[in-house]
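Structure first, then comments.
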Amino acid sequence: MIRALWLSIKLHLFWLAEAFSKRGRQLAPFTLRRALILFLFFPIAICVQVIHWIGFFLDEIFFRNYRRVEIKEPLFVTGIPRSGTTFIHRTLSRDTEQFTTFRTWEAILAPSITERKLIRAISWCDKRIGCPLHRQLDHLTNKLTGGFANIHEVGLKAPEEDYLSLLPVGGCFILVLALPASRSLWQLGRFHEIPDEQRAILVKFYKACLQKHLYCAGTDKRLLSKNAAFGSWLPDLRITFPDARYIFCIRSPGKALSSQLSSLRSGLEFFGTMPAADVVSLELQTVFAHVYRILLDETQSFLIDRLAIIDQSQLKQGTSELLESSLRQLCIPITDNLIKILAEAGEESQKHKSGHKHVPLVAKSGPTEFNSLVNDIYEEILRHPYLKNNDR
């Protein structure tokens, strides 16, 4: 825990220095919005992390038994961003009889057991007086997320990516939107570039977060995790969770990149980092290429009951059958309740129309070899026997 805290302090200091560096000011010029981010938003975020760390240390005093929690056969939904990971995660999370997953309020407001118990006590009191606090928090969440809710449903009780619980230790990739000049943040998308000792601290901290979730939610449930940013973490996750199952989502590289850049537009505008669009585009191309290569290399080592690959283009074609087949391959029990959930998800998928309007981000296309190189890897993955509905 001390090592994780020290890592967090170092990273936050590095980020601040990078933001004020010559390159940082080029990527995000000092406009009024940018000044508010650095001199108001950033300090508030630091204060929130301090509160979390107090919670973590109180956990070590009052709830040390969380360390004994076994994470048995967790299911990780990961892959390339904008490839269907959210849809699959939120579909499976409806099966509360079998799965448990992080909710937004846990990941952002209460990564510690101490904070969870405190917030639940406050929530209990709030319900007794008509939920005024809950309504205000929902309103604030909607105001802060703005148009992002059209891309990714946001709500305090909504199933959420648990990599947000890594914010206190500086391991959350989404921070690149606010700090595009940070080398350490971009490396989170190319995980093997991070020094071994730092990777070990991040993965150990992440495991503790999952243990704390199960400690509160119940150890009789299977942990369901969704992290589109964890594609390059696959080798390290395999070592830390040797009995884990994985659903790895992929998508045509060019389409995935274009969709991701479009979805990031609102975040770049909010943080005053739109001038960094070219760098963001180039960095993401490197990350995407890295993740596809990691998947291709790692598939050689996976047993068939540990990894299922799903291509995004297949999800609207027999959604329920595709997901059921993937789960059976991974030896995950298919209950009557889950069959019903998958069938409903299939119907919803056919009717669903995204509220997100795709607006291409004006940025350099990057190396001309990106599409050809990564597409070759993508086509090779499409021929892999673990790809569901593999009729290619």
Side-chain angles (χ1 to χ4, degrees), residues 74-96 98-104 107 145 147-155 157-164 173-174 222-231 245-253 255-264 266 288 291 295 307-330 332 334 337-358 378 381-382 386-390:
L75 175 58
F76 291 95
V77 180
T78 186
I80 296 296
R82 311 297 296 159
S83 64
T85 53
T86 297
F87 172 77
I88 293 174
H89 173 235
R90 298 206 165 177
T91 296
L92 297 181
S93 68
R94 298 181 194 176
D95 184 6
T96 54
Q98 181 171 189
F99 297 107
T100 179
T101 194
F102 273 67
R103 304 288 165 171
T104 304
T145 54
F148 185 69
N150 292 325
I151 304 166
H152 181 97
E153 180 191 347
V154 177
K157 293 184 178 180
E160 192 50 87
E161 304 195 35
D162 55 33
Y163 83 129
L164 291 171
F173 184 68
I174 197 66
R222 183 192 295 267
L223 181 79
L224 173 64
S225 165
K226 179 258 176 172
N227 297 285
F230 272 8
R245 270 61 174 171
Y246 298 87
I247 293 178
F248 203 104
C249 299
I250 59 174
R251 186 179 183 181
S252 173
K255 292 181 179 179
L257 179 64
S258 178
S259 180
Q260 178 72 342
L261 289 172
S262 176
S263 70
L264 296 180
S266 60
F288 275 43
V291 173
L295 175 60
L307 174 69
I309 303 173
I310 293 179
D311 184 57
Q312 191 259 2
S313 64
Q314 301 168 333
L315 274 177
K316 283 198 173 183
Q317 304 170 5
T319 304
S320 59
E321 293 83 359
L322 176 65
L323 292 179
E324 182 177 341
S325 176
S326 297
L327 295 173
R328 289 190 186 281
Q329 176 190 324
L330 299 175
I332 293 175
I334 308 295
N337 182 50
L338 184 53
I339 289 176
K340 180 181 177 182
I341 289 170
L342 296 180
E344 291 173 350
E347 294 175 3
E348 292 170 7
S349 176
Q350 295 297 324
K351 301 175 184 177
H352 175 71
K353 290 185 178 180
S354 174
H356 171 55
K357 183 179 180 181
H358 183 92
Y378 171 68
I381 293 171
L382 290 180
Y386 293 0
L387 180 78
K388 301 315 300 174
N389 286 358
N390 187 7

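Everything quoted here is computed from the prediction, not taken from an experiment.
Looking only at distances, no side-chain donor or acceptor of S320 sits under 3.5 Å from a matching main-chain atom of G346. Distance alone, capped at 3.5 Å, places no donor-acceptor pair between the T85 side chain and the T78 backbone. Panel note: side chain T104, backbone A158; a donor-acceptor pair is recorded below 3.5 Å. A donor-acceptor contact shorter than 3.5 Å is absent between the side chain of R222 and the backbone of L75. Panel note: side chain S262, backbone S259; no donor-acceptor pair is recorded below 3.5 Å. Under the 3.5 Å distance criterion, the side-chain polar atoms of T91 are matched with a main-chain donor or acceptor of F87.
Atoms CG and CD1, on L387 and I250 in that order, are 5.5 Å from each other to the nearest 0.5 Å. Within the model, atoms CZ of R251 and OG of S258 stand 8.0 Å from one another, a figure rounded to the nearest 0.5 Å. Residue I88 holds its CD1 atom at 9.0 Å from CG of L327, rounded to the nearest 0.5 Å. S83 OG to F248 CZ: the interatomic distance, rounded to the nearest 0.5 Å, is 8.0 Å. Note: H89 NE2 to T86 OG1 = 8.5 Å, rounded to the nearest 0.5 Å. Atom CD1 of I339 sits about 12.5 Å away from atom CG of L323, to the nearest 0.5 Å.
Side-chain contact between L295 and Y246 is absent, with no heavy atoms from C-beta onward closer than 4.5 Å. You'll find the side chain of P159 stays beyond 4.5 Å of the side chain of K226, heavy atoms only. Residues T101 and D162 are not in side-chain contact: their nearest non-hydrogen atoms beyond the backbone lie 4.5 Å or more apart. Contact of the L342 side chain with the L92 side chain is registered, since non-hydrogen atoms from C-beta on lie closer than 4.5 Å. Between F99 and I332, some side-chain heavy-atom pair lies under the 4.5 Å cut-off. Counting heavy atoms from C-beta outward, S225 and Y163 have side chains that stay 4.5 Å or more apart. D311 has its side chain out of reach of I381: every pair of non-hydrogen atoms, C-beta onward, lies at least 4.5 Å apart. Side-chain contact check for Q329 versus E324: every heavy-atom pair is 4.5 Å or farther apart.
In terms of heavy-atom proximity, F173 sits nearest to A229 at CB-CB, 4.0 Å. A pairwise comparison of heavy atoms in E160 and R103 identifies CB-C, 4.0 Å as the closest pair. Between G79 and V291 the shortest heavy-atom distance is O-CG1, 4.2 Å. Closest of all the heavy-atom pairs between R82 and S263 is CD-OG, 4.0 Å. Heavy atoms only, all atoms of each residue included: A256 and I80 are closest at CB-CG2, 3.8 Å.
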